[in-house]
Amino acid sequence: VWALCFRFECLQCLQVEPECRLLSLLLLWTAHLYDLFILGKDVQILDGGGYDWVVDGESKSTLSENTVYGFDISNHQANANVDGILAHDKTQFIIMRACTGSRRVDESLDKFLEKYKEIDKDIPIGFYADNYFVDRNDAIAEADYLIKTIEDRGFTPQNLALPIFCDWEGFSYEYNLKQGNRVTPAMLQNMVEGFCNRVIEKGYKVGIYTNYNYYVNMFTEDFFKSHPEYYIWYARPGYAKPDKDCYIWQYRSEAATEFGVPDTLDKDILLGDFIDNNWEICDKQYIVIKSNCEYFNSVDVYDTVGKLSI
């Protein structure tokens, strides 16, 4: 119990009080070890990248042959084997960083998109921004910049299968501190609403990338309950399953060897459905709707998804 209580307190200190970070990290690791050796002694890592655990003698697993895998990439993967990532049969969606703030396009975005358009398969795609906004107007400006960035490259609400995501986290908080702006939960929620509502005004679906700390201590359950239109992309690596309801679960960050890719990547699992009129998941099979009543239905979730001409 003490380890679980400490976790809540030190998660708050980890972002809000820099001078407490060392102690907070030590306490977090203590709580994590408690989870691993006391609460989760029957948990083991699977070769496929997920987790297996036993409940009342019955084996459970987060991953299956029908799991919808994806990756998120940015300039941090500039030297990665992106061709191999995109071409792999189990890469079933991709999220690319479009920009940082309202002034800089991701340095590798155009290279990634060129490779994305060259491969002989359709992969549902979404975009995110690393956000640094310091007030609501700034948040709206960053949303506008992200939208302009992707629209200049041919994307519209009609051909995005995943939302546009806001990513405001630790680096954003540190940037605000340097500007003399100590962001409170109420301030963050107001700014993020500005970003998200602007994206919706432009006709796109929108989501929020968050980890456990920010979910609980900055956004809060009540915020997400009041905004069911915001898709949640939840970073909770190292756990058997996400402990919050989410649309996408970022479950690991490491070398993607199970996909034949040695480079370090953030790995994601889609827990919801693709969002626009061109892509759906139904009964664990892809359906691509392109025009009128014509459609292509793949026979297996790992098959290359086809495209019908309009």
Side-chain angles (χ1 to χ4, degrees), residues 68-100 104-130 143-165 167 199 202-207 209 231 233 248 256 259-270 273-281 285-291 294-298 300-310:
V68 183
Y69 296 98
F71 299 102
D72 53 280
I73 58 176
S74 70
N75 190 54
H76 294 299
Q77 287 77 42
N79 297 318
N81 178 18
V82 176
D83 297 271
I85 296 167
L86 295 174
H88 200 282
D89 288 344
K90 289 186 180 180
T91 300
Q92 296 159 287
F93 68 93
I94 196 83
I95 305 174
M96 297 185 185
R97 186 175 72 176
C99 55
T100 58
R104 191 175 73 194
V105 174
D106 184 275
E107 295 87 342
S108 295
L109 178 64
D110 290 323
K111 178 180 73 173
F112 289 159
L113 287 176
E114 182 179 354
K115 294 179 181 296
Y116 172 81
K117 293 173 183 178
E118 286 175 353
I119 62 171
D120 187 24
K121 101 185 206 187
D122 286 331
I123 301 176
I125 190 171
F127 294 95
Y128 75 98
D130 279 350
D144 286 339
Y145 185 73
L146 191 160
I147 291 169
K148 183 179 186 304
T149 297
I150 64 173
E151 289 186 347
D152 285 348
R153 289 156 178 80
F155 292 94
T156 68
Q158 288 68 45
N159 61 18
L160 278 191
L162 294 165
I164 288 173
F165 289 96
D167 181 5
V199 172
K202 296 291 186 175
Y204 294 86
K205 299 294 185 181
V206 71
Y209 175 88
Y231 293 75
W233 178 10
I248 293 174
F259 300 101
V261 179
D263 305 292
T264 298
L265 294 170
D266 289 330
K267 306 176 189 180
D268 304 287
I269 293 175
L270 180 70
D273 296 330
F274 294 120
I275 59 172
D276 76 353
N277 293 327
N278 294 329
W279 297 87
E280 296 178 7
I281 277 192
Q285 294 181 331
Y286 282 116
I287 297 175
V288 183
I289 303 169
K290 283 298 176 184
S291 65
E294 297 176 319
Y295 66 91
F296 172 86
N297 185 3
S298 72
D300 187 88
V301 73
Y302 292 140
D303 285 352
T304 298
V305 176
K307 179 192 289 185
L308 294 179
S309 59
I310 296 177

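Residue F127 comes nearest to I125 through the heavy atom pair CZ-CD1, 3.7 Å, listed as atom of the first residue, atom of the second, then distance. Taking both residues in full, the closest heavy atoms of P157 and K202 are given as CG-O, 3.9 Å, listed atom of the first, atom of the second, then distance. A129 approaches D167 most closely through the heavy-atom pair O-CB, 3.1 Å. Counting all heavy atoms, side chain and backbone alike, F112 lies closest to Q77 at CZ-O, 3.7 Å. Across G154 and N159, no two heavy atoms sit closer than the pair O-ND2, 3.1 Å.
The closest side-chain heavy-atom distance from L265 to I73 is below 4.5 Å. A 4.5 Å side-chain heavy-atom check between L162 and L270 finds at least one atom pair inside the cut-off. Side-chain atoms of F155 and L113, non-hydrogen and from C-beta on, do get closer than 4.5 Å to each other. Between I95 and I248 there is a side-chain heavy-atom pair separated by less than 4.5 Å. For the pair E151 and Y204, the minimum side-chain heavy-atom distance is below 4.5 Å.
Remark: side-chain polar atoms of D268 are not paired, donor with acceptor, to backbone N or O of F93 under 3.5 angstrom. In this structure, the side chain of T91 engages the main chain of I85 through a donor-acceptor pair within 3.5 Å. Distance alone, capped at 3.5 Å, is enough to place a donor-acceptor pair between the K121 side chain and the H88 backbone. Side-chain N or O atoms of Q92 include one that pairs as donor or acceptor with a backbone N or O of Y69 at under 3.5 Å. Here the side chain of D106 pairs a donor or acceptor atom with the backbone of N75 at under 3.5 angstrom.
The ring-ring contact (aromatic ring centres under 6.0 Å, His included) check on Y128 picks up W233, with sequence neighbours excluded.
The distance from the CG atom of D130 to the NE2 atom of H76 is 6.5 Å, given to the nearest 0.5 Å. Interatomic distance, CG of L86 versus CG of N81, reported as 9.0 Å (0.5 Å rounding).
Among residues at least two apart or in separate chains, salt bridge (charged side-chain N to carboxylate O under 4.0 Å, His left out) pairs with a member in residues 152-161 are D110-R153, K148-D152.
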